[in-house]
Structures are given as structure tokens and as C-alpha cells.
Amino acid sequence: MAASRSLLIVDDDEIARSILSAIFQDEFDIIEAENGRQAIALLTDSTRPLPAALLLDYMMPDMDGFAVLQYLADNDLSFQLPVFLITAETSNEIALRAFEKGVDDIINKPISVPAIVQKHVLNAIELYQIKNNLEKRVEKQIAIIREQTQTLKETHLSIIDMLSTVIEFRSGESGLHVSRIRRATKLILEYAAQHLPDVQFSQHEIEAISNAAAMHDIGKVSVSDTILNKPGRLTTEEFAEMKKHTIYGCSILQQIPFFGNDDLYKYCYEICRHHHERYDGGGYPDGLIGDDIPFYTQIVSLADVYDALVSERVYKKAFSHEKAKAMIMNGECGVFSDKLLSCFGEISDMLYHQLYELPPPSV
């Protein structure tokens, strides 16, 4: 043991303190207190570290040992150092009460074999040192994992931003399309989570899904520019090729390194593949029906339809907000659940104001 380590002995009997000091003086700097109040003052002194162990008398005037134990428990100090109760009592009731209060062992008076007492205390201190070192190592590893997780998250978001930018440059859509889909998805998700009892998303999930929404059309990078930017109606063959962007997108996601084992990937994949499904089963590529389409994917689908309606594209002029809202609510563009349409009906005016009337947020 390092000579600089301290041991706190608390006993109103000076002789008892002297005996215990003699046992441990070669291993520790001995600190003495005559009663519980002095002990607490020493333990809470911010200028000194906690002692390696506390040897605490049971019967003392002006705050006994059990009162000190209660103070330690109330102030989260019980598990920071080993505590030994010193007592001449031999009843099982006292011993049981002491252990329930968090003592590590009991030192009985009078001390008959000092070497045994010394060994008990030293072993307990060593166990606490091992425990504290292990906790510090665990905390360090947790900090490393959190840092790695944050780095991986930032990498994933960078990939999303990069790929979504690529598709914006290649398609005839506004450069703000992906940003608006992200924001619309988040706004609708937050509204649904607050107002629909059967829709539960944490803020972490809402952020992840909103970011994943940016990947909905990534498969279009594999579609010919001629089809993507054709000003007129697509032929049957061209539309069949265009519909494959849902499948192409999933293939791209599967090839991105370090992007296959977390929720963000799951959301990206689901949204990419199924954002053109319809609630009545008439969508593509899998013809999913009803709630087989995850609610968050339905939200991205509606946000995509709405943005397409109120935005000018190479093949159409922009519709007004009122017209686009009516077309969606009446089932003229897409088929959505009554639950989602109810949310959209409540939030659509606010969506239009925040996404199309106000300046876009600075990045």
C-alpha cells in the first residue's frame, strides 16, 4: 500500500483509536475523528480525497455510527469506499442492520487478533481498487464507443448528403427538393407522435427517419438522364425503367461500406424501396397493402407527392398549395391512410408556410 493513502478511524474511545492506528500505521496515513459529525466533516472536505477505508464505531455521542451510515447512503458515498463497523455488540440484529446499511464487514471489540483485522481491511480496500479501476476502464470504453458511434453517424450523414446532392444535380428537380422532404418528414412525424396515441417515435428516431428520407430517390442515379429529364409523358417502357429506381436505390445502399447494421440503414432501405407503394396496394415495387407499409414510409411518400405537386418540374407547372392539398386529400395523387391524411390536413398549411414561403434554413 502507498504510504500516502489515508485511513479514517472514527471512535469516541481514544484507546480504541490508538489500537487501530497501530495496526494500520505502516500502510496508511491515519486520520482520526471522535464522533460522527467530525467524520462527516472530514469525508466531505473537498480539499482532501476520500480515505481508502472508513473504520466506524457503532456507539458514539453526538451522532452514532448508524447515523453516519445513513448520511453516506443519502449522499451516494456508501459505494465509494469500504466501511467497517466497530462494535462490542454481538447481537445478530446489530450485525444485520449494519450490513443492510452498507457496511462491508464488522470489527468486534476487543480486538483479539490484529493481523486478521488488518487482512480483512486490506482485502476490502484491494477489492474496491479493482472495482474502481474496472469502472474507470468501462467508462473509458463507453466514451470510446460513443465517440466512434458519433463519428460513424457523421459519416453516414455525410454519405446521405453527398448522394442526395448527386441526384439533385442529375434530375430536373429543384435543388431544395431533398431538403424539403427531410423537413416535411420531420414535421409530420413530430405532429403524429404528439397527436396520435398509436404512433410512437422518439426524437432520436424522428431525426434518423428524417435524414433517411433524403435517400428516397437515390436509385435515380442509375436511371438514364433522358428519362429523368424528359419534358413530356414517359412511354410505358420508360416508366417501367423509372420505377426501377426503387430497386436500384436499395442495391446502392447495400454497397455502401459500414452502412448495414444500424437503424439509419434500415430506414434508408425501407424508404428507398417503398416510398412509391400505395395504401390500396396499387404501388410499386412490391404492391404492399395498408399498414404493411411502415407509417414513416407513408409520410415520406406523401411529402414527396406534395413537393412534386407544388413545385415546377420539367414536365409540369407548379400547382397552388390549395390545389395540391385537395388533390392529395381526394385521392387524385397517391392513396394514403385516413390517419395520415388527417395529420396532413391539420398540418399542411403550416408545412407550406415553413417550406415554401419562408427562406430555407442556413446550413
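All values below were derived from every heavy atom in this structure, side-chain atoms included, with hydrogens, water molecules and symmetry-related copies excluded.
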* In sequence, state the C-alpha distance, the side-chain angles, and the governing distance for N35 and M63, and then conclude on side-chain contact (heavy atoms from CB on, under 4.5 Å). => CA-CA 7 Å; N35 57 58; M63 197 172 196; 5.8 Å; no

* Asked: Around atom CG of D74, are there more than 12 heavy atoms of other residues, nucleotides or ligands at under 6.0 Å?
  -> yes

* Can you measure from CD (E190) to CD (Q203) and round to the nearest 0.5 angstrom? => 5.0 Å

* Asked: In Å and rounded to the nearest 0.5 Å, what is the NZ to CD distance from K101 to Q70?
  -> 3.5 Å

* Answer yes or no: is there a donor N or O on one side and an acceptor on the other, between the side chain of D286 and the main chain of L288, under 3.5 Å? => no

* Shortest non-hydrogen contact between D104 and P82, atoms and distance -> OD1-CA, 3.2 Å

* Working for side-chain contact (heavy atoms from CB on, under 4.5 Å), residues L55 and F24 -> CA-CA 11 Å; L55 278 56; F24 295 103; 3.8 Å; yes

* **Side-chain touch F99/I106, heavy atoms, less than 4.5 angstrom** => yes

* Asked: Hey, would you say the H353 and H321 ring centroids sit under 6.0 Å apart?
  -> no

* **Single-linkage hydrophobic cluster M60~F84, side-chain heavy atoms < 4.5 angstrom** => no

* Given the rule that I, L, V, M, F, W and Y join up when any side-chain heavy atoms are under 4.5 Å apart, are I188 and M215 in one cluster? -> no

* To do: Measure the shortest side-chain to side-chain distance between L85 and F66 over non-hydrogen atoms and say whether it is less than 4.5 angstrom.
  => yes

* Asked: Would L81 and I40 show up in the same hydrophobic cluster when neighbours are defined by side-chain heavy atoms closer than 4.5 Å?
  -> yes

* Near M59 CE, under 6.0 Å, is it more than 12 heavy atoms from other residues, nucleotides or ligands? -> no

* With the side chain counted from C-beta on, respond yes when I86 and I111 share a heavy-atom pair under 4.5 Å apart, and no when they do not. => no

* Quick one: closest heavy-atom pair of E270 and P294, and the distance? => OE2-CD, 3.2 Å

* Minimum-distance pair of heavy atoms, taken over all atoms of G283 and E277 -> C-OE1, 3.6 Å

* **Donor-acceptor pair, side chain of K316 and main chain of A308, under 3.5 angstrom** => yes

* Asked: Can you find a pair of side-chain heavy atoms, one from R180 and one from S311, that are under 4.5 Å apart?
  -> yes

* Asked: What do the steps show when you test R48 against S6 for side chain to side chain donor-acceptor pair (under 3.5 Å), and what is the final call?
  -> CA-CA 10 Å; R48 64 170 74 230; S6 63; 6.0 Å; no

* Look only at the side chain of N133 and the backbone of Q129, and say whether a donor-acceptor pair between them is shorter than 3.5 Å. => yes

* To do: Please name the residue in the list I9, L8, L122 that meets the side-chain contact (heavy atoms from CB on, under 4.5 Å) test with F28.
  => L122

* D13 side chain near D57 side chain, heavy-atom distance below 4.5 Å -> no

* Can you see which heavy atom on R233 is nearest to which on K230, and at what distance? => O-NZ, 3.2 Å

* Whether N75 side chain and L77 backbone form a donor-acceptor pair below 3.5 Å -> no

* To do: Answer with yes or no whether the hydrophobic clustering places L264 together with I206; edges join I, L, V, M, F, W, Y residues whose side-chain heavy atoms lie under 4.5 Å apart.
  => no

* pair D29-L7: side-chain heavy atoms closer than 4.5 Å -> no

* Give the intermediate values and the outcome of side-chain contact (heavy atoms from CB on, under 4.5 Å) for residues L43 and L72. => CA-CA 9 Å; L43 290 169; L72 295 179; 3.8 Å; yes

* To do: Assess whether side-chain contact (heavy atoms from CB on, under 4.5 Å) is satisfied between T185 and I181, documenting all intermediate values.
  => CA-CA 6 Å; T185 299; I181 297 303; 4.0 Å; yes

* Residue of the set E32, E34, K109 for which side-chain contact (heavy atoms from CB on, under 4.5 Å) holds with D11 -> K109

* Is the gap between the ring centers of F336 and F344 under 6.0 Å? -> no

* For K323 and A318, indicate whether the former's side chain and the latter's backbone hold a donor-acceptor pair under 3.5 Å. => no

* Does the H120 side chain pair with the main chain of V117, one donor and one acceptor, at a distance under 3.5 Å? -> no

* List the atom of V310, the atom of S320, and the distance in Å for their closest heavy-atom pair. => CG1-O, 4.1 Å

* D45, CG: over 12 other non-hydrogen atoms inside 6.0 angstrom -> yes

* Asked: Sequence neighbours excluded, which residues qualify as ring-ring contact (aromatic ring centres under 6.0 Å, His included) partners of F319?
  -> none

* Is it true that a side-chain atom of K243 and a backbone atom of T246 form a donor plus acceptor pair closer than 3.5 Å? -> no

* Rounded distance (nearest 0.5 Å) linking atom NE2 of H274 with atom OG1 of T297 -> 8.0 Å

* Structure fact -> Of all heavy-atom pairs linking G36 and V68, the shortest is CA-CG2, 3.4 Å

* To do: Mind checking the SG-CD1 spacing from C268 to I218? Nearest 0.5 Å is all I need.
  => 10.0 Å

* Asked: Quick one: do the Y352 and E322 side chains pair a donor with an acceptor below 3.5 Å?
  -> no

* Can you establish whether the number of heavy atoms outside I15 located under 6.0 Å from its atom CD1 is more than 12? => no

* Q118 side chain vs I23 backbone, donor-acceptor pair below 3.5 Å -> yes

* **Co-membership, hydrophobic cluster, residues I247 and I293, 4.5 Å side-chain** => no

* To do: Give a yes or no on whether a salt bridge exists between R97 and E100, defined as a side-chain N under 4.0 angstrom from a carboxylate O.
  => no

* To do: Return yes when atom CD of E14 has more than 12 non-hydrogen atoms of other residues, nucleotides or ligands closer than 6.0 Å, and no otherwise.
  => no

* Asked: If we only count heavy atoms from C-beta on, is the I347 to L351 side-chain gap below 4.5 Å?
  -> yes

* To do: Would you please classify the geometry between the F295 ring and the F201 ring as parallel, tilted or perpendicular, with 30° and 60° separating the classes?
  => parallel

* To do: Ignoring hydrogens and angles, tell me if any N or O in the side chain of D304 forms a donor-acceptor pair with the backbone of V300 under 3.5 Å.
  => no

* To do: Taking the side chain as every heavy atom from C-beta outward, state whether D217 and H245 have any pair of such atoms under 4.5 Å apart.
  => yes

* Roughly how far, to the nearest 0.5 Å, is the CZ atom of R183 from the OG atom of S210? -> 11.5 Å

* Just how far is it from atom NE2 of H275 to atom CG of L302, taken to the nearest 0.5 Å? -> 13.0 Å

* How are the rings of H195 and Y191 set relative to one another: parallel (under 30°), tilted (30 to 60°) or perpendicular (over 60°)? -> parallel

